[in-house]
Amino acid sequence: MAEGGSVTQSGGSGKKRGCKRKCNCTKECCYSQVVIIGNGPSGICLSYILSGNWPYFTGEPHPDPYLQIKLKDDVSILEQDLDYLSGGLEGRSRNPVALLFDTLHQPNADLGDDEKSRLEWRHHNDRVMQHVVLGKGQPGGSWREMDGSVLTLSLGKWMELPGVTFQEWIQEYREQNAINNNNTKAEESSQTRATLGEVAKYYAEYVGTTDILSNFIARTEVTSVRRLKGKRVINNESGEPEIPCQGCCKFEGDNLFEVKGRHYNGMCGCSQEFTVLTPNVVMATGMLGNPNRLNVEGESQSYVCTSLKDLDNAVQQEDVHSKSDPILVIGAGLNAADAVLCALKQGIPVIHVFRRRADDRDVIYAKLPKSVYPEYNQMISMMKESSSHDGLYTSYAEHRNVEFKLDRKVVLSGPNDERLELPVSLALVMIGNLPDLSFLPNQGRNLGASKGRPISGRDNPIDVNPFTMESLAEPGLFALGPLVGDNFVRYAQGGCMALAQHFAMKNGWVQEMKVHENGEEEEEEEVSQ
């Protein structure tokens, strides 16, 4: 039994592997209206809305007068035409509903305005859609795995989820921490950015505060998602039912997905295989699945790593220190910067290698406001100077790594193909990640805008209808967050709202909206349910 829910074992033995307790199969365990894969911010937000919490416009004046005219009072946003409402909005997301949600929840956020939300949330007991949220760890997703001391890229309030104000939560959290640590004064909650640890704690407490914890099953690994396409749920080899649940017999022949995986019990150390049937699979796995590779000789050497946690472990084990050979950091993204700054803070020498010019305006550090992100702005100066911090930091612009040698030496290639060999104590390849979609056929490569290529939130997101978040290639399969290019929490929530409206229409709680053709507005026509 996992915290907040249960899964049932597939097969006929009725026992967990390595555990003597018997597990009973029930309809609630092996069938779900919706299965959400991933328990990070997107999965949490969607669970909150599907639990009967619907957004409403507060009626207070909105900075966008055109949007103000289109909004209806006392009618949930889910009952209004999202296509019509989002028309004309602009921002840093390609998803029109993400822009709509953001401008309602945090008006003029990109202009630095501290406007209060124009959304309020009301609970409806009769609009709860049964669902289950599967995650490898506890609720919070990859946020729980990150270095807790690093500051978030987004402003603290941009990490907020519906119904629990982040600013109020962090004020109380920091005051309690100050009491626990016998400090006379809590850290100022007005600090614009929170630490990753604080955000992870906020998400972990959120599911309990909002009473949605029962929808979550932690320590689960999804291994397979496939469409049954009307087949009987029978094992082709043994001829026996895949799921020995009489309550599921009526679903045989339905157009369902079969979700298989393994649940790990933290109490007894055993594991349990499970199978869930569902007509709707929502992928909210994020992008921190498989680190991108350089695909060069020696990349599998033990000293070549891909995360800040690897650096922390090396420091703890004293494999790297102020007297050791430099660490090598490859990349010019935020994670690479965090690794550089973390090492320098502890007096560890750093060699920083990146392919761009140091003054390239497309480097992300150059796009961030100096007043809010002083540490990333510092990176620009360091990269241009080539050497800084009393010689602890050395940068190699327009260079790439071409080999990792057995003796912990790396070979770099410069802009004129000149070669340079340098000794290092640790190499960190920080060049981004691809999502782990190994549970899908062909790792989901048929779902992207560019068929056959790996899914990437930046270069090849999953191709979806932005007003339903449903895959254009696989009906019944949905995607949220970074998988569709919405890398910021503030934007990912708009996809949750669009998907929740789609489910509400299917359940007959909301009238269907007439499709707008060629971008032209048309009046809504009620469709009989």
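Position 1 is the first residue of the sequence; numbering continues from there.
Side chain of Glu258 to main chain of Val225: no donor-acceptor pair is present (N/O by atom type, distance under 3.5 Å, no hydrogens or angles).
When the salt bridge (Lys or Arg N to Asp or Glu O under 4.0 Å) test is applied to Glu403, no partner is found at least two apart in sequence or on another chain. Considering only residues two or more places apart in sequence or on other chains, Phe404 meets the ring-ring contact (aromatic ring centres under 6.0 Å, His included) condition with none of them. Listed by chain and residue number, His352 satisfy the ring-ring contact (aromatic ring centres under 6.0 Å, His included) test with Phe354 (two or more places apart in sequence, or in another chain).
For the side chain to side chain contact (heavy atoms under 4.5 Å, CB included) with Trp54, the lone residue among Arg122, Glu79, His123, Met497 that qualifies is Glu79. Among Val222, Leu447, Leu480, Ile36, the single residue meeting the side chain to side chain contact (heavy atoms under 4.5 Å, CB included) criterion with Met283 is Leu447.
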**Asked** Would Glu160 and Trp169 satisfy side chain to side chain donor-acceptor pair (under 3.5 Å), going step by step from the backbone distance to the final call?
**Response** CA-CA 10 Å; Glu160 181 174 297; Trp169 177 89; over 6 Å; no
**Request:** Report the C-alpha distance between Tyr48 and Asp211 in whole Å, list the side-chain angles of each, state the deciding distance to 0.1 Å, and finish with yes or no for side chain to side chain donor-acceptor pair (under 3.5 Å).
**Result:** CA-CA 9 Å; Tyr48 178 76; Asp211 199 27; over 6 Å; no
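Heavy-atom contacts from other residues, nucleotides or ligands closer than 6.0 Å to CD of Glu172 number 12 or fewer. Annotation: Asp319, atom CG; neighbour count of heavy atoms from other residues, nucleotides and ligands within 6.0 Å is above 12.
Residue pairs that meet the salt bridge (charged side-chain N to carboxylate O under 4.0 Å, His left out) test with at least one member in residues 429-453, sequence neighbours left out, are Lys136-Asp436. Within the structure, salt bridge (charged side-chain N to carboxylate O under 4.0 Å, His left out) pairs that include any residue of residues 454-473 do not occur (at least two apart or interchain). Within the structure, no pair that satisfies the salt bridge (charged side-chain N to carboxylate O under 4.0 Å, His left out) test touches residues 424-434, not counting sequence neighbours.
The aromatic rings of Phe478 and Phe503 lie perpendicular to each other, with more than 60° between the two planes, well past the 30° mark.
From Phe257, atom CZ reaches atom CG of Leu228 across 9.0 Å, with rounding to the nearest 0.5 Å.
Cation-pi contact between Arg219 and Tyr264: absent, since separation from the ring centre below 6.0 Å together with deviation from the ring axis within 45° is not met.
With respect to the salt-bridge test (charged N to carboxylate O, under 4.0 angstrom), the residues Arg227 and Glu474 qualify.
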